[in-house]
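Written out below as structure tokens is the structure these notes cover.
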Amino acid sequence: MSKHIGVLTSGGDCPGLNAAIRGVARAGQEAFGMRFIGFKDGFRGLVQNRFLELDHHLLSGILTDGGTILGTSRDKPHRMPMGDTVRDMTDAIVETYRKHHLDALVCIGGGGTQKNALRLQAAGLNILTLPKTIDNDVAFTDVSFGFDTAVGIATEAIDRLHSTAMSHGRVIVVEVMGHRAGWLALAAGIAGGAEVILLPEIPHQVEHVAEAIRKRSRSGKTYSIVVVAEGAMSKSQAEQIELLVAKKNKAKKKAQKKAASAELEAFHKEHVNHTVNLTAELEARTGLESRLTILGHLQRGGTPSSADRLLATRLGTACARQLAEGQYGYLIAARGDHTEPVLLKKVAGQKKLVPTDHAWVNTARELGICLGDGVGTV
Ligand code: F6P
């Protein structure tokens, strides 16, 4: 009997999702004679039994397309908004899985998806996952697909901002995505030749940034590009977060925990504006006209780079091989030119942040790029 496999994409979309769907399903069909269905809009499609047959016709021509032919959502199986309430829909998912007589479910997604996939494994489903995200923060894989394309888009934007910053003698702050990780900012900042790069992993002080810009200005260059990760924080903000997290962890009663969580949430909500405030502060401290560009979802759109097509395809074909072997409960990770199954229970709940002694951080410091912590540059 040929194996019957379900596939879904979940979390924020990114370039390379279609290449991964095609990689798994095409290799599964061609090399192992499996049949595939794709569930629509992440875990919600499993709850509502909305699916597509992933046949040759549907898989044809999607390699180069951005987004995902399956649609995606940030819905969690155990906390899904259903009408006016939020419900645990795990049983409905298990029912759909059984109804289709699936042998396994492939969940393609980022950090949140790995956690949700593990929950479904605990509910008795055979699961494999693939790592996608422009943030590159999925643990235990060298890299996730979507990242290379996003770095390319952000780098091109920085290139373009350079010429306008130079013409006007301005400071241009560029906010890039990355959630709580700085990979995208660091890679695009180095590749784009930024003067300053601010990461969540290295809390900064505005005065260090301002002084780096003033120093550059004194040397005759009155323009600067400041690349800021959306999750970057000042030193005092990082300390505040640390206190709030400690308060949450220490809370013994449910109500105390809830209150501490609400405080943390409020902090993050307020923090969304941090690059607006930083831009104004830099203008005030340097006397140079300053502008802000938020790249936002541009970084997630459009056709995947060739590196992401290759990565998503080889992770997909490795996943098909793993399905054929019937070895479940793994993330298919990228390891150099190869792939490696890593236990899902090891991956779920972990985040790959930029180590402060990472080779790219050292490269940035050696180039004299200011990282806002006062080390080396001022
Ligand atoms: O995880 C990918 C990502 O683009 C993050 O970089 C960003 O913080 C988040 O998703 C944005 O999410 P949404 O598209 O739901 O606003």
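Counting convention: from 1, in listed order, for ligands and their atoms alike.
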Lys NZ or Arg CZ of K76 over F43 ring: under 6.0 Å, within 45°
no

Looking at ligand 1, does Q299 have a heavy atom less than 4.0 Å from it?
no

Hey, does the side chain of K345 reach the backbone of L118 with a donor-acceptor pair shorter than 3.5 angstrom?
no

Give a yes or no on whether the backbone of H208 and the side-chain of E211 come within a donor-acceptor separation of less than 3.5 Å.
no

Apply salt bridge (charged side-chain N to carboxylate O under 4.0 Å, His left out) to R26 and list each qualifying residue two or more places apart in sequence or on a separate chain.
none

Could you tell me the residue and atom name of the protein heavy atom closest to [atom], and the distance to it rounded to 0.1 Å?
{"atom": "atom 7 (C) of ligand 1", "answer": "E230 OE2, 3.2 Å"}
{"atom": "atom 11 (C) of ligand 1", "answer": "R300 NH1, 3.6 Å"}
{"atom": "atom 15 (O) of ligand 1", "answer": "R74 NE, 2.9 Å"}
{"atom": "atom 6 (O) of ligand 1", "answer": "D135 OD1, 2.6 Å"}
{"atom": "atom 16 (O) of ligand 1", "answer": "H297 NE2, 3.4 Å"}

Output the list of atoms in ligand 1 that are nearer than 4.0 Å to some heavy atom of G178, sorted by atom number.
6 (O)

Hey, which atoms in ligand 1 end up nearer than 4.0 Å to a heavy atom of I134?
4 (O)

Note: D41-R74 ion pair, threshold 4.0 Å (strictly below):
no

Would you mind telling me which of T303, D148, T149, N18 makes a side-chain hydrogen bond (donor to acceptor under 3.5 Å, both in side chains) with R309?
T303

